[in-house]
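Before any comments, here is the structure.
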Amino acid sequence: MIPEGRFRIGWPHVLFVSLMVGAIIFPEQAESDRAPTSVSFRDVSTRLDFTHRTEGGEGLAGAAWFDYNGDGLLDIYLTNGIGHPNGLFRNNGDGTFTNVSQEAGVENGAGNSGVVAGDIDNDGYVDLFLTGEGGILGSRQSSVKLYHNNGDGTFTDVTRASGLVGPETAWSAALADIDDDGFLDLFIASPGRALQEQHHNTLYRNNGDLTFTDISASSGVNTARGACVASFTDYDRDGWIDLVVGDCADIFARPTPIELFRNNGDLTFTEATERAGLDPGGFWMGLAIGDYDNDGDMDIFATNFGTSKRWLGRWFLHALYENHGDGTFTDVGERTGVARWEWGWGCSFIDVDNDGDLDLFFAGNFPHEPFDVMSAGRGNPGRLLINDDGTFHVFEDREVFQLADEFTSGVAVGDFDGNGFPDILVAVGGFDDRAGHPHLYQNLGNENNWITLRLVGTTSNRDAIGAWVSVTAGGRTQVKEVRAGSSFLSMDSPWLTFGLGEADYIESIRVVWPSGLVEEFEPPPVRQICPLVEGEGSPLSWLRSSDGRPRR
């Protein structure tokens with residue numbers, strides 16, 4: 001098993017070459033001693049026997065939650081560097097995991113950084129896509145990988161036949177059905193090669209037969225600004241899923257925007273960055289998308305240098321872009337208390353206490369050695385910020401995550417033990433003779449109620465990626481969106497957990513499916529995991545305008 005401890009990693013990452021030419025772990029409490037809305041985590045990292053290293057790559061690590069074998073339990077996938085095997089960890093249902101990567105056929109060993117999971121052929125089994133590693137520093141990057149899930153616990157490498165090549169360098173990836181044909185399409189963010197050349201992002205259309213067509217140029221999303229992270233979201237709620245791209249790796253170390261591409265519904269996108277107000281430059285490394293203020297639209301949190309690094313005579317702080325519902329955003333990071341924290345890579349919105357407000361977790365470090373990018377004491381220990389009516393505060397009086405000296409990168413949240421409270425997985429990279437080990441923090445929960453919804457598409461893509469779900473309980477309505485690809489190099493659970501606070505019953509559940517079908521479902525009892533299948537609810541409408549386009 002992995003010994004507990006802390007690791008210091010040295011890594012010559014491209015961004016900083018160009019610049020220079022677990023959990024909040026609270027004291028354990030007995031269940032009966034816990035306050036109704038308390039937050040408590042247990043570090044159970046030793047349950048994941050996994051070591052991250054690399055031989056010639058960047059050392060960045062990614063993580064994903066998904067149910068690979070269809071048993072109703074969330075499993076874990078962890079990427080590894082060049083020369084070292086990836087890890088697929090089967091959830092045993094008793095709080096433990098078994099590494100099944102070799103028998104499943106997904107060890108690889110060629111080197112991977114980003115991971116995203118989705119059922120690309122709608123056969124009921126979730127497939128895996130991995131980006132490569134190593135090209136950022138000047139050498140050739142290892143190949144992207146597409147693994148098709150055979151449905152028997154094994155995967156087949158179908159990369160060559162799929163037509164997926166990917167950009168020359170690639171980090172994060174995201175899946176969504178951009179044309180509402182029922183199949184998941186793929187976007188890959190490209191950061192470029194250090195001090196040499198910027199590479200173009202790529203978008204592949206799913207042909208429905210396990211093959212893809214590169215539509216990067218014709219779609220209008222093949223920009224080359226040093227993309228580190230990407231996520232799909234229908235930010236304007238017009239029924240066509242849009243694309244958000246965070247840029248952080250300009251080869252000349254210039255501040256770059258958060259790019260926003262509005263889906264035109266015809267396999268093309270229009271860049272709306274400036275109009276939306278997302279053009280102020282920064283070094284955007286992680287994205288978390290969610291409705292933090294419960295006003296019915298999706299807001300965007302993006303990690304930056306924070307207070308760990310001053311560059312070009314100024315601080316580049318984290319941002320929280322509030323969605324006004326009219327296609328524009330305003331950065332409220334300073335006002336809400338999320339801007340002035342340490343460096344961040346991965347991030348996730350997470351309702352840790354199930355009170356109905358989205359909290360925020362982010363982590364990420366660049367090691368002190370060999371590049372003194374962060375001043376002493378400025379490493380991010382892992383920050384959990386609690387949402388209190390639209391402003392965020394950290395538990396300064398508690399023992400915080402012990403991650404300040406570790407090379408943390410990917411962050412993913414998911415409820416692996418089924419207690420209704422999301423757990424936190426932090427991927428830790430390794431470089432040279434220094435190893436990284438993932439951290440898993442189990443959320444012990446409290447007395448607040450909850451419901452977890454697992455959506456199954458029929459006319460829509462089977463994973464229902466892009467669906468919007470509204471849950472009303474206790475007089476409050478929350479809205480969430482099913483997403484595949486989040487944070488940095490990572491993926492949160494595609495299952496939606498709604499914290500209900502003290503409400504002991506649900507008033508209504510409404511789903512807007514990617515197909516445009518709007519349904520209402522009979523509310524189940526609270527504190528359970530409930531599947532929702534497209535077409536099995538009570539139809540309210542079919543949101544199609546006269547030209548056939550879906551509308552929200």
Donor + acceptor pair across side chains of [X], [Y] (<3.5 Å):
X	Y	answer
Q478	S470	no
H200	E168	no
S348	D492	yes
E481	W468	yes
T452	T497	yes
E406	T408	no
S190	T169	yes
H148	T156	no
N206	D185	no
T273	D279	no
E519	S538	no

Does [X] come within less than 4.0 Å of [Y], counting only side-chain N to carboxylate O?
X	Y	value
D236	R262	yes
D179	R205	yes
K145	D157	yes

For residues [X] and [Y], determine if any side-chain heavy atom of one lies less than 4.5 Å from a side-chain heavy atom of the other.
X	Y	result
Y68	V100	yes
L455	V469	yes
L73	F416	no
I529	W450	yes
N86	L78	no
T223	V245	no
F50	N80	yes
I300	Y235	no

N/O donor-acceptor pair under 3.5 Å between [X] side chain and [Y] backbone:
X	Y	result
W345	N304	no
D214	S216	yes
T458	E534	yes
N149	G151	yes
N263	F269	no
N419	F421	yes
S142	G111	yes
D250	R225	no
N122	R462	yes
W284	T256	yes

Run the ring-centre check on [X] versus [Y] and record whether the distance is less than 6.0 Å.
X	Y	result
W65	Y77	no
F361	F349	no
F187	Y204	no

Please lay out, stage by stage, how F183 and N207 fare under the test side-chain contact (heavy atoms from CB on, under 4.5 Å).
-> CA-CA 8 Å; F183 291 95; N207 299 321; over 6 Å; no
Over all heavy atoms of both residues, which pair between [X] and [Y] is shortest? Give the atoms and the distance, please.
X	Y	value
D299	N323	OD1-N, 2.7 Å
S113	T79	O-OG1, 2.8 Å
D351	G499	OD2-CA, 3.7 Å
V126	G118	CG1-N, 3.4 Å
I120	D127	N-OD2, 2.9 Å
L278	P257	O-CB, 3.9 Å

Distance, nearest 0.5 Å, that separates [atom1] of [X] from [atom2] of [Y]:
X	Y	atom1	atom2	value
D238	N264	CG	CG	9.0 Å
H439	T46	NE2	OG1	11.0 Å
L260	L243	CG	CG	8.0 Å
M491	L128	CE	CG	9.0 Å
N461	I465	CG	CD1	6.0 Å
D291	L358	CG	CG	7.0 Å

After noting the C-alpha distance and the side-chain angles of D463 and L184, does the key distance pass the side-chain contact (heavy atoms from CB on, under 4.5 Å) rule?
-> CA-CA 9 Å; D463 290 333; L184 292 174; 3.9 Å; yes
Determine, step by step, whether V244 and L287 satisfy the side-chain contact (heavy atoms from CB on, under 4.5 Å) criterion, reporting the C-alpha distance in whole Å, the side-chain angles of both residues, the deciding distance to 0.1 Å, and the verdict.
-> CA-CA 9 Å; V244 184; L287 292 173; 3.9 Å; yes
With a cut-off of 6.0 Å (strictly less than), are more than 12 heavy atoms of other residues, nucleotides or ligands near OH of Y125?
->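 Atom OH in Y125 is not crowded, with 12 or fewer foreign heavy atoms closer than 6.0 Å.
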Decide if atom CD of E520 counts as having more than 12 heavy atoms of other residues, nucleotides or ligands within a radius under 6.0 Å.
->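 For E520, atom CD is crowded (more than 12 foreign heavy atoms under 6.0 Å).
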Could you go step by step and tell me if C228 and F488 meet the side-chain contact (heavy atoms from CB on, under 4.5 Å) rule?
-> CA-CA 7 Å; C228 293; F488 174 68; 4.2 Å; yes
What is the ring orientation for Y147 with F155, classed by angle as parallel under 30°, tilted 30 to 60°, or perpendicular over 60°?
->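 Y147 vs F155 ring planes: perpendicular.
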Is there a ring-ring contact (aromatic ring centres under 6.0 Å, His included) between F301 and Y292 once you walk through the steps?
-> CA-CA 9 Å; F301 173 78; Y292 91 95; over 10 Å; no
